[in-house]
Amino acid sequence: MSQTTRKTDVLVIGSGAAGIATALKAAKDGHSVIVVEKEKYLGGTSAISGGWAWVPGNKQGVAQGDTRREVETYLKAIAPDTYNAESVKTFLDEVPEAMNFLEDEVGIAVQYADKAPDYQMDQPGAKESGRAVTFRAANARMLGEDRLRVQPYLMSYTVFGYMPEIGKDIGTFLKANQKLSAFAYATAKVGRTWAETALFKRSLTRTNGNALMTRMISAARDAGIQMWTSTPALEILTDADGAVTGARVGGDHAGVIEARLGVVLAAGGFSGNAELRKKYFPHDPSGDNHHTPTIGHTGDSFRLAEPFGGHIDASPHQPASWGPVTVFKGLRGQRRLFPHLRAFGLPGLIAVNREGRRFANESLSYHDYGVEMIKDNQGKDKTFGWIVADHTAMHKYGIGWAKPWPFPQKLFTSAGYLHKAATVPELARKIGVPAANLQATLAEFNTAAARGEDPKFHRGSNKFHHFKGDVEHKPNPNLAPIEKGPFYAVKIEMGDLGTYAGLAVNSRSEVLDDHGNGVRGLYAVGTAAVSPFGGGYPGYGANIGPALVFGYKVGRDMAAHAAERSSARAPELEVADAPRR
């Protein structure tokens, strides 16, 4: 049986931010591009993300006086023992050009936030704004017939189907049960979502990561890039000299794709692969102690590169960008995940371990809190904790997926998400923690919280903490006593937003073999490749920022690399073809 063969200049495997950035630059430079995606939708994990990009050196940061030295100082501070100067240099060198391309040449509408504090504001070199950018909400009509091909939102993160934008939008939603103007605002947003869904099968208004990918995929359509879904990459192909020439793919477009300039692995990381987690996630030695909300991160990039000596660089001090999650059942009994990326930095909520004691500052970033959660559970059979709140906080803010008044609490208790009890001892019994310890923890916390203080962990002590809190709450946006029953708890376990350990690459993003040599014509970008930040999580968009920048760089440079390979082979061919005497 003959196998269909297609020819292109560039083959990209994966359709998230890294893959589409690569494709856009290559196409804008006049090269033909095919993007293959194994999932039924385009956009990958980028489409369900917050949609931020950490890109120091962008226009806003430069205008505010941010300097290269300050960025490097900060990155060294958050990964002192694993700082990779070469990777950081390459990243920072390319940010301005990559962002100018996306914003000015491609037309991706960048939104520069007034405030987007770095995650570790106490470290030298940290900035309150100018490094993280987001992207304006998009109207899906720009996608034409591809409107329904973008990966849908993570539904547990929506409010009746609407995904609030990070920033003022979500801040207004949080006040919808407290202010009439906010209620009217939220009602209008949700009502429009319902109307659009009824008319068009999905909301036309796309926000956060969905807005970014809607805009990027629209630009890819305009550039003539072929994007094939339900088309998994099965095998990377090479010529007799070992240079990568394409791939064999399956699914809806089964066959061989010949790629003149090379192949780019942008198929995500490996946090959805239990066998690789066993090897690289210390807290998950059995492969059953981790829950990832990522899309398609099953180690395909590693599997495809392994036959050529491709291997995972585990040098980052944290192998993934952590994010605590709650696992629960949806309305139809399906397994759901809720990533807790902001929820428990609010007043009136704390988190405790299985002993009923606090173990970290709840206003840390989700990644840094995850680091502390893993440490606290080291040597235990499972990694978990509990978010605890009282009636005041539950009524005002809710806890993650469990929305506040006027939402019926039975919706969340019946799903196994929310636990409720009239008293603290009763709640402790329900969640299996020592009642005396939980009572003592709350007593200690409440005394200081009433003054707006947290002597134990210094919660609410910097601008990033406040950004996660309720700025209208006094005296501290992150602190309030937990004292009015009934009391509530939600279980948190360990999840991630993508891996930091990834395929070893050189400064050209070529996959390295076992001898440290670049595999000619094979590249890895995004979470398929090792993170440039050494395991630190600098701020909003620490995965998408490098994905956009390195994707752009590879798309720009592949033709030059291919020309190098051709010129290097030319003398060999001349010698081989020379007449014998």
Side-chain angles (χ1 to χ4, degrees), residues 14 18 45 75-91 265-292 294 296-323 365-368 370-375 377-379 383 494-519 522-538 542-543 545-547 550:
T45 300
L75 290 174
K76 286 177 184 176
I78 65 173
D81 299 324
T82 53
Y83 179 77
N84 188 323
E86 182 182 24
S87 292
V88 169
K89 179 182 184 303
T90 302
F91 172 68
L265 300 174
F270 59 84
S271 54
N273 184 308
E275 293 305 312
L276 291 174
R277 289 202 310 269
K278 289 179 188 179
K279 187 173 182 180
Y280 295 104
F281 286 12
H283 69 280
D284 195 18
S286 300
D288 61 356
N289 192 31
H290 191 89
H291 311 275
T292 183
T294 58
H297 286 219
T298 53
D300 291 347
S301 299
F302 171 71
R303 171 182 58 80
L304 291 165
E306 188 177 26
F308 310 101
H311 56 281
I312 289 177
D313 179 348
S315 60
H317 67 83
Q318 297 297 323
S321 51
W322 306 124
S365 76
Y366 40 86
H367 172 73
D368 294 319
V371 172
E372 297 304 316
M373 189 168 158
I374 289 171
K375 286 181 185 176
N377 285 272
Q378 190 171 2
T383 300
M494 189 45 56
D496 71 285
L497 280 72
T499 44
Y500 277 167
L503 284 169
V505 294
N506 58 23
S507 61
R508 292 156 53 127
S509 294
E510 292 173 322
V511 174
L512 296 180
D513 65 18
D514 289 327
H515 303 290
N517 301 314
V519 179
L522 185 63
Y523 304 84
V525 291
T527 51
V530 63
S531 169
F533 301 138
Y537 202 131
N543 286 325
F550 286 106

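In this text the structure is predicted, and so the values were computed from the model without any measurement.
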Work out which heavy atom in Gly268 is nearest to a heavy atom in Thr527; give both atom names and the distance.
CA-OG1, 3.4 Å
Listed partners of Asp284 passing salt bridge (charged side-chain N to carboxylate O under 4.0 Å, His left out), at least two apart:
Arg277
Looking at residues at least two apart in the chain, or sitting in another chain, which of them share a side chain to side chain donor-acceptor pair (under 3.5 Å) with Ser365?
Asp368
Report yes if some heavy atom in the side chain of Phe302 is under 4.5 Å from a heavy atom in the side chain of Asn273; otherwise report no.
no
Show me the pairs that pass side chain to side chain donor-acceptor pair (under 3.5 Å) and involve residues 300-310, at least two apart or across chains.
Lys38-Asp300, Thr298-Asp300
Separation between CE of Met494 and CD1 of Ile374, rounded to the nearest 0.5 Å:
4.5 Å
Calculate, to the nearest 0.5 Å, the distance between atoms CG and OG1 belonging to Leu276 and Thr499 respectively.
9.5 Å
Under a 4.0 Å threshold between the charged nitrogen and the carboxylate oxygen, would Glu275 count as salt-bridged to Lys278?
yes
The reported gap from CD in Glu372 to NE2 in His367 (rounded to nearest 0.5 angstrom) is 10.0 Å
Hey, does Tyr537 have a side-chain heavy atom less than 4.5 Å from the side chain of Trp322?
no
Within-4.5 Å side-chain heavy-atom neighbours: Ser321 and Asn543
yes
Between Ser315 and Asp313, which heavy-atom pair has the shortest distance, and what is it?
OG-OD1, 2.7 Å
Centroid-centroid distance, Phe550 to Tyr523, less than 6.0 Å:
no
Sub-4.5 Å side-chain heavy-atom contact between Val530 and Pro316:
yes
Of all residues at least two apart in sequence or in a different chain, which pass the side chain to side chain donor-acceptor pair (under 3.5 Å) check with His283?
His290
Heavy-atom closest pair (Gly536 atom, Pro538 atom, distance to 0.1 Å) is O-CD, 3.5 Å
CG on Leu503 to CD1 on Ile312, rounded to 0.5 Å:
6.5 Å
What closest approach, in Å, do Ala501 and Phe270 show between heavy atoms, and which atom pair accounts for it?
O-CE2, 3.4 Å
Any side-chain donor paired with an acceptor under 3.5 Å for Thr45 and His297?
yes
For Glu86 and Ser507, work out which heavy atoms get closest and say how close.
OE2-CB, 3.6 Å
Donor-acceptor pair, distance only, cut-off 3.5 Å: does the side chain of Ser286 make one with the backbone of Asp288?
no
Kindly compute the distance separating CG (Asp513) from NE2 (His311), expressed to the nearest 0.5 Å.
8.0 Å
Once side chain to side chain donor-acceptor pair (under 3.5 Å) is applied, do any residues pair with Glu510, and if so which ones, sequence neighbours excluded?
Asn506, Arg508
When you measure from the side chain of Thr82 to the backbone N and O of Gly534, does any donor-acceptor pair fall under 3.5 Å?
yes
Once you round to the nearest 0.5 Å, how far does OH of Tyr83 lie from CD1 of Ile78?
10.0 Å
Considering all heavy atoms, the nearest Gly518-Leu512 contact:
N-CD2, 3.8 Å
Test of understanding: with ring pair (Phe, Tyr, Trp, His ring centres under 6.0 Å), list the residues that count as partners of Phe308, not counting sequence neighbours.
none
